[in-house]
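First the proteins, then the strands, lettered A, B, ... as listed; each starts at 1.
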There are 2 protein chains.
Amino acid sequence: MSTRRKSPIEIDFTETHMCSINMRLQILGKVPFFAGLTHGDLEEINNLFREHGYEPDEVIYFSGDAATHLFVVADGRIKLMRHSLSGKDVLLDILTSGEFFGSISNVENDSYPDTAQALTQTCVLSISINDFHRILEKYPSVVLKVLEITASRLQAANERFEQLSALPVEGRIANLLIVLSDKFGELNEVGLLIQTPLGREDVAAMTGTTPETASRVMSQFQKDGLIQTGRQWVAIIDRDSLKKIAGLESG
Amino acid sequence: MSTRRKSPIEIDFTETHMCSINMRLQILGKVPFFAGLTHGDLEEINNLFREHGYEPDEVIYFSGDAATHLFVVADGRIKLMRHSLSGKDVLLDILTSGEFFGSISNVENDSYPDTAQALTQTCVLSISINDFHRILEKYPSVVLKVLEITASRLQAANERFEQLSALPVEGRIANLLIVLSDKFGELNEVGLLIQTPLGREDVAAMTGTTPETASRVMSQFQKDGLIQTGRQWVAIIDRDSLKKIAGLESG
DNA sequence: CGACGAATTGAACCTATTCAAAGGGTGTGG
DNA sequence: CCACACCCTTTGAATAGGTTCAATTCGTCG
């Protein structure tokens, strides 16, 4: 048995979860659909945003709340989830800085279809839908970009649906680990470490299974030398084999 | 035992699956994101579209083909599906006149993530992505509408994911029947008839199960007096009870 | 009427869930 | 700095829900 590391995750927070003005401008510039705007435009847009900090597990909004704002992750990790009536929670996505969530369209009496919850300490910027639509009208390039991102999220959702429908649990978990490592992976001495807190329950809620089954599968992956894992963390060791299990053929 | 009807579906085709000029304009006017444009604008837009007829089971494009066009259903029904590597097909959606599919974004070297196949005799209008983007640039209201539709499709996809993840087969099928009857339902002497060919295999491919299980569940629904069904057709008899089974509570 | 394809039904099998109990890392307070 | 307590994780065994394969029935179209 090799020495197993204990707690390798090191999410480098800006300790203040209140963001400085400079940081806010920097974040907004990093948001894909604001990229390309001038510094002046960004400053004007910045004025329309408010910021708010959240502690881990704090909820930004609940599914069913009146949909009034669009949010941008400035720093930290946000979970997007749905609570099914059967009590089983479903985790749709984990968002990181630069990504948006909340409401896009200004339909009257609309409500959020999902719940947004902080996974880590987080700083979030928010803008009212009305103000956001003023931006959309003023900067046509922004609308196109938002459309593009939304379309690609739709594809990703269809992809997940297909997998849940056609792959066994092993394959779905293998696939999830690949996707998360593409998004959050950071190479270190353990392997390709997924830089976000990730428990068995989270894995289960993203792959449509139970924490127990997720644990069994991941334990097996570890025994087979595919991953290294512990409490709330996972690192990928043998990416190619995982891809094969995920049904993405590559060997 | 009451007299069971044999073949109640009567999809009223425009027998010509080539559309007349008047019909084309009428269809384009019915497309949600072109609503509100002037007759002149529509005529100009109409010139950018080509039309094409398809027989049942004919494929409009295959998943993986180069994504070059956006399509609008003029008449008939289109299946959007994904072929998983395991050979199990997944049915994402059934589209009817006025709905669009294909490619929205003009990313280079993009390919269709799904396959589009005619479910009935169909007339489809198509436009190149480049031309479509010229329209998007010229008519800002169109972009916003496309964005709105795409966002609501994303919500629907997340909804399906949640259900597949949290509901047993019965609930998923009950739910599918509700959704399809909202979209295709037509009241007649049998009940609320779903006006689209729909076999057990289709139901299975939309709910992540097998044709055999779909058959068992639907047989039970029929015995319980919730639906009336036969070869390639379904009619809803007791909508409220179905909703209860679907977990949408209503009694 | 005959034939093909769809739908039904049965029975064995299997994957994943459920419930329960034990093990282990992390962080807190003494 | 160590020890304890909490919660996450692991593991086991029984069960259930769905799949699979195969055979039969039934509807629809030629």
Side-chain angles (χ1 to χ4, degrees), chain A residues 1 3-11 55-57 84 86-89 119-120 163-174 190 196-205 207-224 227-235 245, chain B residues 1 3-11 55-57 84 86-89 119 163-174 190 197-205 207-224 227-235 245:
Chain A
M1 305 298 154
T3 323
R4 194 194 306 172
R5 308 190 103 272
K6 294 296 171 72
S7 167
I9 287 198
E10 201 80 39
I11 302 187
E55 294 298 312
D57 293 340
S84 72
S86 60
K88 184 179 268 184
D89 279 358
L119 184 56
T120 66
Q163 286 174 6
L164 184 51
S165 187
L167 287 183
V169 184
E170 293 182 319
R172 306 203 301 268
I173 292 184
V190 189
T196 209
L198 194 68
R200 302 294 175 267
E201 196 168 352
D202 298 311
V203 172
T207 54
T209 184
T210 59
E212 292 93 334
T213 299
S215 174
R216 278 182 248 271
V217 169
M218 288 172 72
S219 294
Q220 190 57 46
F221 283 175
Q222 179 155 246
K223 274 179 200 140
D224 297 345
I227 64 175
Q228 193 80 286
T229 180
R231 191 194 179 95
Q232 302 272 357
W233 64 271
V234 192
I245 294 171
Chain B
M1 305 295 155
T3 321
R4 193 194 305 171
R5 308 192 102 273
K6 294 297 172 69
S7 167
I9 287 198
E10 201 80 39
I11 302 187
E55 293 300 311
D57 293 340
S84 72
S86 59
K88 184 179 271 182
D89 278 358
L119 185 55
Q163 286 176 5
L164 185 50
S165 189
L167 287 183
V169 184
E170 294 182 318
R172 305 202 302 268
I173 292 183
V190 188
L198 193 68
R200 302 293 175 270
E201 195 168 353
D202 298 312
V203 171
T207 53
T209 183
T210 59
E212 292 92 334
T213 298
S215 173
R216 278 181 250 270
V217 170
M218 290 173 71
S219 295
Q220 190 58 47
F221 283 174
Q222 179 154 247
K223 273 178 201 142
D224 296 345
I227 64 174
Q228 192 79 289
T229 179
R231 191 194 180 93
Q232 301 272 355
W233 65 270
V234 191
I245 294 172

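Phosphate proximity of C/dA16 to A/Thr213: absent, as no side-chain N or O sits under 4.0 Å from OP1 or OP2. OP1 or OP2 of D/dG18 has not a single side-chain nitrogen or oxygen of B/Thr210 nearer than 4.0 Å.
Using a 4.0 Å heavy-atom distance criterion, A/Pro168 is classed as a sugar-phosphate-only contact.
Residue A/Thr120 holds its OG1 atom at 9.5 Å from CD of A/Glu55, rounded to the nearest 0.5 Å. Put simply, CD on B/Gln163 and OG1 on B/Thr207 are 10.5 Å apart, with the number rounded to the nearest 0.5 Å.
Taking atom CD of residue B/Glu201 and atom C1' of nucleotide C/dA7, one finds them 12 Å apart after rounding to whole Å. One atom, CD of A/Glu212, and another, P of D/dT11, lie 13 Å apart when rounded to the nearest Å. Rounded to a whole Å, the CG atom of B/Asp57 is 13 Å from the C1' atom of C/dG5. Counting to the nearest Å, the C1' atom of C/dG5 and the CH2 atom of B/Trp233 are 18 Å from each other. Rounded to whole Å, the distance from CZ on A/Arg200 to C1' on C/dG24 is 12 Å. The NZ-C1' distance, from B/Lys223 to C/dT8, rounds to 9 Å in whole Å. In this structure, A/Glu170 atom CD and C/dA16 atom P are separated by 7 Å, rounded to whole Å. Rounded to a whole Å, the CD atom of B/Gln220 is 13 Å from the C1' atom of C/dT9.
Between B/Ser84 and B/Ser86, the side chains place a donor N or O and an acceptor N or O closer than 3.5 Å (distance only, hydrogens not considered). Counting only N and O atoms by type, the side chains of A/Arg200 and A/Thr229 include a donor and acceptor under 3.5 Å apart.
Proximity note for A/Ser219 (side chain, C-beta onward) versus D/dT11, C/dT9, C/dA16: the nearest is D/dT11. Side-chain proximity of B/Ser215 to C/dT8, C/dA6, D/dT10: nearest is C/dT8. Considering only side-chain atoms of B/Arg231, the nucleotide from D/dC8, C/dG5, D/dG12 that sits closest is C/dG5.
Contact of A/Arg216 with C/dT18 (side chain to base): a donor-acceptor pair of N or O atoms is detected under 3.5 Å.
Using a 4.5 Å heavy-atom threshold, the side chains of A/Met218 and A/Gln222 count as separate.
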